[in-house]
Asks: 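My questions all concern the structure below.
Quick caveat, the model's predicted, so the values are computed rather than measured. Counting starts at 1 for both ligands and their atoms, in listed order.
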Amino acid sequence: MHIKFASKPSGDALGVAVYEKAALSPSAKALDDASGGTLTRAIKASRFTGDAGQVLEIAAPSGLKAARVVLYGLGAKKQVTGNVYEKAVAAAVKHLLLGGTQTLSLHIDAEDGELSSRAALGASLAAYRFDQYRSRLKADRKPSLGTVEIVAADDKAAKKAWKSWEPVAEGVKLARDFVMEPANILYPEEYAKRISKLEKEGLEIEVLGEAQMKKLGMGSLLGVSQGSVREAKLVIMRWNGGKEGDKPLAFVGKGVTFDTGGISLKPGPGMEEMKGDMGGSAAVVGLMRALAGRKAKVNVVGVVALVENMPDGNAQRPGDIVTSMSGQTIEILNTDAEGRLVLADALWYTQEKYDPAFIVDLATLTGAILIALGHEHAGIFSNDDKLADRMFAAGKASDEGVWRLPVGPEYDRQIDSDIADMKNLGQGRNAGSIAAAVFLQRFVNGKPWVHIDIAGTAMHSGSKDPRQPAFGTGYGVRLLDRFVRDYYEN
Ligand code: BES
Ligand code: MN
Ligand code: ZN
């Protein structure tokens, strides 16, 4: 999707805003007048009221040159925010994407460039498609809409604001692509190669292979990888846009490119979704892409642990005991609780090597978080109230919501093992997401930390949010970008 900015419309479709109770925005009013009341009549003939997210398409409007007019609802004028714009415009774009329109000129009824650029972000996110494996897609099933032209009073300001949001759109799309890719294509080595291409955006990138990880003592991560013929990789991305000497912020992502469960094999139905078990890593890579693209004034390190969890003759067994980089030993009771094993070494490495101000990790870690929160919120877990509060606020601001669950000694006790320092399971089926979180907590060495369990939000096939495609949502990129933008830059 090509996004451009103009002060006058040139597209074959015109988009204009309508507020609740069918109150026309100035640009809608102007079109209504020019067309002898066509918009008003169309509204009367429909159930369109201007509520946020509603769309009404008027084809071949009399008295106008444009082939189409599209009304997009913004709801109550006082409650219009960047998220309202994103969703409203996304709904309009989704509506027009395949219908023959080539360029949508979108009139934005807002003075500041920020809201205009959020409209552009909504358009960009809604236009996302993952079509590269459809080799027989008929021409009339491909998107016709190639350009969204933002028409704003101050198009210069809008264009300028877009410089800070376009990289976020690119980061989200990159994360979605990674989650969508099947695991026969995107295995750790190939994934690391694709991440390395981001050097051209200005990121410093380092890739560690299994020999290096073995030297570092990463027995926990490598135990997961040992049943796969694919070599595990640890990829470190650095963005140094802040002051020299300022401690970096650290973001760590689970990148299990496919999770069969290992010897504790998962059931067959739905297992294909486990190609998305690298959603945490995708969010971290997408964030780094966004920060580099908008030249964020902050020092950040992103670490992603890329591993395939497979059950072959060399695979790790239930009952095995591994020694992590921290020196702590872990009894493996279920090889399907592999995410925490992979993150254990990635977290320890990150805190030891980079001495970050804090660590945020993202992982599609537990099915239990879906039971607790569904697809609507990610679960957060933290040893630091201020960090957790900031993440919550960033969730609200970005519309990528999070909800906090507890960690504490009463839970931590449950992962003590009879034979090693800890086991990789909690007590039975209860509090499964918390058991995973307290496990991770043992590997952050007391550093301020937030864990985000995105098993429900990174993959979502039936979302009603027009900004989201089916399956890989790119969840986390906008949340983390917002978190960094609002609290750690200036
Ligand atoms: N990758 C899964 C968690 C998951 C489940 C992600 C559903 C997305 C959708 C994770 O590695 C896993 O298998 N967790 C187990 C842990 C259990 C064995 C303690 C789970 O949630 O069942
Ligand atoms: Mn698993
Ligand atoms: Zn997993």
Asks: Specify side chain, backbone, both or neither for Met274, according to which of its non-hydrogen atoms lie closer than 4.0 Å to ligand 1.
Replies: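 Met274 to ligand 1: side-chain contact only, backbone stays beyond 4.0 Å.
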
Asks: Can you tell me how the ring of His375 sits relative to the ring of His460, calling it parallel under 30°, perpendicular over 60° and tilted otherwise?
Replies: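 Ring orientation of His375 relative to His460: parallel.
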
Asks: Trp348 and Asn445: side chain to side chain donor-acceptor pair (under 3.5 Å), yes or no, with the steps?
Replies: CA-CA 7 Å; Trp348 189 265; Asn445 207 11; over 6 Å; no

Asks: Look only at interatomic distance and state if Asp277 has a nitrogen or oxygen under 3.5 Å from any nitrogen or oxygen of ligand 1.
Replies: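 For ligand 1, there is an N or O atom that lies under 3.5 Å from one belonging to Asp277.
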
Asks: Would you mind listing which atoms of ligand 1 come within a distance below 4.0 Å of any non-hydrogen atom of Glu338?
Replies: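 Checking each atom against Glu338, I get 11 (O).
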
Asks: Does any N or O of ligand 1 fall below 3.5 Å from an N or O anywhere on Asn334, backbone included?
Replies: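 Among all N and O atoms of Asn334, none is under 3.5 Å from an N or O of ligand 1.
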
Asks: What are the atoms of ligand 1, with element, lying closer than 4.0 Å to any heavy atom of Thr366?
Replies: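 It comes down to these atoms of ligand 1: 3 (C), 21 (O).
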
Asks: For ligand 1, which is the ligand I care about here, please tell me if Gly367 has any N or O atom under 3.5 Å from one of the ligand's N or O atoms.
Replies: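 Indeed, backbone or side chain, Gly367 has an N or O that close.
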
Asks: Please find out if the Mn ion (ligand 2) and some N, O or S atom of Asp277 are separated by less than 2.8 Å.
Replies: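 Given the 2.8 Å cut-off, Asp277 does not count as a ligand of the Mn ion (ligand 2).
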
Asks: If we only count N/O pairs under 3.5 Å, is Asp336 in contact with ligand 1?
Replies: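 Yes; the residue has a nitrogen or oxygen that sits under 3.5 Å from a nitrogen or oxygen of the ligand.
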
Asks: Can you find a side-chain donor-acceptor pair between Asn83 and Arg118 that sits under 3.5 Å?
Replies: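 A pair is found: one side chain offers a donor N or O, the other an acceptor, under 3.5 Å apart.
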
Asks: Using the six-membered ring wherever Trp is involved, compare the ring planes of Phe178 and Tyr191 and label them parallel, tilted or perpendicular (cut-offs 30° and 60°).
Replies: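 Tilted.
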
Asks: Take Leu341 and Gln316 through the test side-chain contact (heavy atoms from CB on, under 4.5 Å) and record every step on the way to the result.
Replies: CA-CA 12 Å; Leu341 298 171; Gln316 148 165 289; 3.8 Å; yes

Asks: Would you say the Zn ion (ligand 3) has Asp259 as a near neighbour, meaning an N/O/S atom of that residue under 2.8 Å away?
Replies: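 Given the 2.8 Å cut-off, Asp259 counts as a ligand of the Zn ion (ligand 3).
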
Asks: Among all protein non-hydrogen atoms, which one is nearest to atom 10 (C) of ligand 1, and what is the separation to 0.1 Å?
Replies: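 Nearest protein contact, heavy atoms only, for atom 10 (C) of ligand 1 is Leu365 O, 3.3 Å.
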
Asks: Working to 10°, measure the angle at the Zn ion (ligand 3) formed by atom OE2 of Glu338 and atom OD2 of Asp277.
Replies: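 For OE2 of Glu338 and OD2 of Asp277, the angle centred on the Zn ion (ligand 3) reads 100°.
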
Asks: Which heavy atom in Arg176 sits nearest to a heavy atom in Gly472, and how many Å separate them?
Replies: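 For Arg176 and Gly472, the tightest heavy-atom pair comes out as CG-O, 3.3 Å.
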
Asks: How far apart are the C-alpha atoms of Val304 and Met237, what are their side-chain angles, what is the distance that settles it, and do they pass the side-chain contact (heavy atoms from CB on, under 4.5 Å) test?
Replies: CA-CA 8 Å; Val304 291; Met237 296 156 274; 4.0 Å; yes

Asks: Please indicate, with yes or no, if any protein heavy atom is found under 4.0 Å from atom 14 (N) of ligand 1?
Replies: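 So atom 14 (N) of ligand 1 has protein heavy-atom neighbours under 4.0 Å.
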
Asks: Which atom name would you report as the N, O or S atom of Asp259 nearest the Mn ion (ligand 2)?
Replies: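 That would be atom OD2.
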
Asks: Quick one: salt bridge (Lys or Arg N to Asp or Glu O under 4.0 Å) partners of Glu170, sequence neighbours excluded?
Replies: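 Counting only residues at least two positions away or on another chain, Glu170 forms a salt bridge (Lys or Arg N to Asp or Glu O under 4.0 Å) with Lys173.
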
Asks: Could you check whether the rings of Phe130 and Tyr133 sit parallel, tilted or perpendicular, using 30° and 60° as the cut-offs?
Replies: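 Phe130 and Tyr133: tilted rings.
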
Asks: So which bit of Lys254 gets within less than 4.0 Å of ligand 1, heavy atoms only: side chain, backbone, both or neither?
Replies: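 Side chain only.
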
Asks: Is the distance from the Zn ion (ligand 3) to some N, O or S atom of Ala363 under 2.8 Å?
Replies: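 Checking Ala363: none of its N, O or S atoms is under 2.8 Å.
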
Asks: For the Mn ion (ligand 2), find the closest N/O/S atom belonging to Glu338 and write down its atom name.
Replies: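 Atom name of the closest N, O or S in Glu338: OE1.
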
Asks: Checking Arg230 against Tyr187: charged group under 6.0 Å from the ring centre and within 45 degrees of the axis?
Replies: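 Judged by the rule (NZ or CZ under 6.0 Å from the ring centre, within 45° of its axis), Arg230 counts as positioned above Tyr187.
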
